[in-house]
Amino acid sequence: MAQSLRDRLKAVKTTRWIRFGIVSAVYVFWVILMGNPWLLFGWLLLADIYITSYIPWGWWKKKKGLTRTVMAWVDAIVYALVLIYFIFAFVGQQYEIPSSSLEKSLLVGDRLWVDKTVYGARVPQTPVHFPLAQHTMPLIGSKSYLEKPQLKYHRLPGRRSVERGDIVVFNYPQGDTVALKIQNPDYYQICYDLKRNGVSDPRKFIASDPERFGEVVWRPVDRRENYVKRAIGLPGERLNIVDDQIFINGHKIATPDNVQFNYLIPVKGQIAPEKWMELGVRIEDFSQQLIQDELHGIYYYNLPLTSRMKAEVEKWPEVAGALMRESEAGVFDLSGVFPMGASYNWTRDNMGEIWIPKRGSTLHLTEANYPIYERAIRVYEGNDLQRRDGKFYINGKQTEYYTFKMDYYWMMGDNRDRSADSRYWGFVPEDHIVGSPVTILVSLDKDRKWSDGKIRWERILGNPNPDKRSGKWQ
C-alpha cells in the first residue's frame with residue numbers, strides 16, 4: 001500500500017498540487033472561523049479528491065450511454081446543491097415578504113436578498129438539511145432536515161452588530177413547537193387561548209385532536225419560520241411604550257414616516273377600491289364591508305395609514321368626520337400581549353418598563369420580573385429553571401441571580417396595529433438572527449394582474465430600508 005501511495009503521489013501533476021494547496025489553505029481558514037476542529041477530518045476527503053484518488057470519484061466518466069448521461073446530471077446537481085448550501089449558509093439568501101407587518105418600508109411580494117455576513121454568518125446548528133427548503137420538503141411535505149446532529153451556536157465574525165432601525169430577518173422565537181395544521185396563531189398562543197376558555201391542559205387537548213391541529217412537532221432554532229421585523233430595542237436598554245410612543249432609556253425615539261397605525265375612518269358611504277389602491281392601501285385591508293356603528297348611526301373603515309396617507313384621506317369628500325386611532329377607540333381588545341398570562345395590565349400600545357437582556361449582564365430574579373425572563377432563561381439559554389415556594393432554582397441550585405449568555409433584541413413591525421412582534425412574544429435571542437436585507441431583487445403586487453402593474457419596477461434593486469439610511473431611527 002505504501003508503494004501504491006508513493007506511485008500515486010509521483011503521478012500528480014504540479015498544477016494539481018498547487019490547486020490542492022490553495023484549496024487546503026482556504027479550507028483550514030474556514031475551519032478556524034467555524035471554531036470546530038473536528039471539521040479538519042474533511043481535509044482527508046479533499047486530499048483524496050485532488051491527490052490520492054483511492055475513491056474512484058470519476059468512475060462514470062469511463063462509461064458510455066445512459067449511465068454516463070445520468071451520472072453527469074447527478075454530478076452537476078450535487079455540485080450545485082453543495083454550492084447553494086454554502087452560499088445560503090454563509091453568504092446570503094433570497095427571502096419573500098409574506099405579510100404586511102413592515103408596510104410601507106417593505107411590501108407584500110417583495111423578494112429580498114438577505115445578507116448573512118453583516119452580523120456574521122451563523123454556523124448551521126442543523127447541518128444536515130436540504131438547502132432549498134426551510135423546514136418542509138416541497139411536494140412530499142416531509143421534514144427537510146435531520147434533527148441530529150445539533151451543533152452549538154456559533155457565529156462567524158461580522159462587519160457590525162445589530163443597530164436600532166435595522167430590518168432584521170430572524171427565526172421565530174416561539175416556533176420551537178408547531179401544530180402543523182394551525183401555524184397562525186402559533187402553538188403557544190393556541191395554548192393560552194384554550195386555557196382562557198377553561199381547558200385545564202391545553203397541550204393534552206391539542207395532542208388528542210390531530211384532525212384539527214395536526215401533528216405537534218419540535219423544530220431546531222435554524223429550521224424555524226423566518227420572520228422579518230425592525231430592531232427597536234437593543235441589549236441592555238430599557239424600553240417603554242406609552243400611547244404607542246416608544247421610549248428607550250427614558251428618551252422618546254422618533255416615529256419615521258413609513259410607520260402605519262390603524263384609524264377608524266367615518267364615511268358617508270362605500271369608497272371605490274381603486275381609490276384605496278391608488279392611495280397605497282392593500283385590497284386585503286379594505287376588502288371588508290363597511291363597519292356600522294349602530295349607536296352613533298355611522299359607517300366607518302378600519303385601515304392602516306401612514307401620516308402622509310392620513311393627511312390625504314382627511315381631505316376626501318367621502319369622509320364624514322375626524323379620524324380616530326384604533327387604540328384610542330376603546331372598541332377593540334388590545335390585550336394578550338407579552339408575557340402571556342401575566343397580570344401586568346399591559347396592552348400593545350402601553351407596555352413596560354422592560355429591560356432587554358445583554359450578554360454578561362446579571363439579572364436579579366424576582367416574583368415580579370419572573371414572567372418576563374422565564375422563557376429566555378429556560379428555553380433560549382437551555383437551563384432547568386423552577387420556582388418553588390417563592391424561591392428560584394436554576395439547574396438544581398437555589399439562586400436569585402442569573403447571568404445571560406446571549407444578547408437579546410426587541411423587534412417590531414412598522415405596520416404597528418397589524419404586526420405580531422415582540423409586544424406579543426417577547427425577546428429575540430441573538431442565536432435566532434439570520435441577517436439583514438440589502439436589496440429588493442423583484443417586487444410583485446399580488447393585488448394586480450401582469451398586464452396592470454403587477455411588477456413594481458420602481459422597487460427592483462431598491463433600498464429595502466430608506467428610513468434607516470435617512471437617520472430617522474437614531
Side-chain angles (χ1 to χ4, degrees), residues 172-177 184-206 232-233 236-250 262 325-358 361-381 383-394 398-402 404 408-413 416-429:
Y172 181 39
Q174 290 198 165
D176 55 341
T177 306
N184 189 15
D186 65 49
Y187 180 81
Y188 294 102
Q189 182 66 51
I190 296 170
C191 289
Y192 174 68
D193 292 340
L194 287 172
K195 198 157 191 175
R196 289 182 67 186
N197 291 324
V199 177
S200 59
D201 190 343
R203 293 173 182 267
K204 186 176 181 180
F205 181 86
I206 293 171
I232 300 296
E237 295 182 336
R238 295 184 178 274
L239 177 142
N240 290 73
I241 302 176
V242 181
D243 296 332
D244 282 319
Q245 177 62 60
I246 300 169
F247 291 80
I248 299 293
N249 296 331
N262 266 58
R325 286 277 298 279
E326 180 187 86
S327 59
E328 298 170 351
V331 295
F332 297 94
D333 181 12
L334 307 183
S335 61
V337 297
F338 171 80
M340 285 190 290
S343 56
Y344 294 123
N345 295 319
W346 291 348
T347 62
R348 74 173 186 223
D349 57 334
N350 285 281
M351 298 184 69
E353 178 180 76
I354 301 171
W355 175 73
I356 303 171
K358 181 179 181 179
S361 295
T362 299
L363 170 73
H364 181 203
L365 265 174
T366 66
E367 288 288 336
N369 65 29
Y370 174 82
I372 298 175
Y373 303 104
E374 178 265 340
R375 181 170 173 83
I377 296 172
R378 181 174 55 83
V379 178
Y380 302 147
E381 305 217 346
N383 296 285
D384 177 18
L385 172 62
Q386 297 184 29
R387 179 176 55 174
R388 299 194 300 267
D389 301 324
K391 297 179 181 179
F392 302 102
Y393 298 83
I394 299 178
Q398 182 185 343
T399 182
E400 295 180 1
Y401 299 92
Y402 180 75
F404 285 92
Y408 290 78
Y409 300 87
W410 188 268
M411 306 286 188
M412 292 175 62
R416 290 289 168 78
D417 297 335
R418 293 298 179 268
S419 173
D421 51 35
S422 284
R423 293 171 295 173
Y424 296 91
W425 33 256
F427 310 115
V428 177

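Keep in mind that the numbers below use all heavy atoms, side chains included, and drop hydrogens, waters and symmetry copies.
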Atom pair CG/CE of Asp193 and Met340 - distance to nearest 0.5 Å: 8.5 Å
Residues Met412, Ile246; criterion side chain to side chain contact (heavy atoms under 4.5 Å, CB included); working and verdict: CA-CA 11 Å; Met412 292 175 62; Ile246 300 169; 3.9 Å; yes
Closest heavy-atom pair and its distance - Ile372, Trp346: CD1-CH2, 3.9 Å
Flag side-chain contact, heavy atom, 4.5 Å: Leu365 against Ile394: yes
Contact check, side chains of Ser327 and Asp244, non-hydrogen atoms, under 4.5 Å: yes
Side-chain (Asn350) to main-chain (Asp243) donor-acceptor, under 3.5 angstrom: yes
Test salt bridge (Lys or Arg N to Asp or Glu O under 4.0 Å) applied to Arg348 - qualifying residues, sequence neighbours left out: Glu326, Asp417
Contact check, side chains of Asp176 and Tyr187, non-hydrogen atoms, under 4.5 Å: no
Side chain to side chain, Trp355 and Ser361, heavy atoms closer than 4.5 Å: yes
Ile354 and Asn240, any side-chain heavy atoms less than 4.5 Å apart: no
Residue pair Lys195 / Ser200: nearest heavy atoms and the distance that separates them: CE-O, 4.5 Å
Steps toward salt bridge (charged side-chain N to carboxylate O under 4.0 Å, His left out) verdict (Glu367, Arg387): CA-CA 9 Å; Glu367 288 288 336; Arg387 179 176 55 174; 3.2 Å; yes
Arg375 to Tyr188, cation-pi by 6.0 Å centre distance and 45° axis angle: yes
Shortest non-hydrogen contact from Cys191 toward Ile206: SG-CD1, 3.8 Å
Asp186 side chain near Gln174 side chain, heavy-atom distance below 4.5 Å: yes
Test item: Asn197 side-chain N/O and Leu194 main-chain N/O as donor-acceptor pair under 3.5 Å: no
CA sep, side-chain torsions, deciding dist, call: Val428, Met411, side chain to side chain contact (heavy atoms under 4.5 Å, CB included): CA-CA 7 Å; Val428 177; Met411 306 286 188; 3.6 Å; yes
Asn249 side chain to Glu237 side chain, donor-acceptor N/O pair below 3.5 angstrom: no
4.5 Å side-chain heavy-atom contact, Phe427 and Ser422: no
Test item: Tyr344 side-chain N/O and Ala368 main-chain N/O as donor-acceptor pair under 3.5 Å: yes
Gap separating the OH atom of Tyr393 from the CZ atom of Arg388, nearest 0.5 angstrom: 5.0 Å
Mutual orientation of the aromatic rings belonging to Tyr401 and His364 [parallel < 30°, tilted 30-60°, perpendicular > 60°]: parallel
Side-chain donor or acceptor of Asp389 paired with backbone N/O of Lys391 under 3.5 Å: no
Rounded distance [0.5 Å steps], CD in Glu353 versus CZ in Phe247: 12.0 Å
Considering all heavy atoms, the nearest Pro371-Ala342 contact: CB-CB, 3.9 Å
Note, Val337 side chain near Met351 side chain (heavy atom, < 4.5 Å): yes
Expected output: side-chain Arg378 to main-chain Tyr373 donor-acceptor under 3.5 Å: no
Approximate separation, where rounding is to 0.5 Å, of Phe338 CZ and Tyr424 OH: 14.0 Å
Distance-only donor-acceptor check, side chains Glu381 and Tyr402, under 3.5 Å: yes
Inter-residue atom distance Trp410.CH2 - Arg238.CZ, 0.5 Å rounding: 14.0 Å
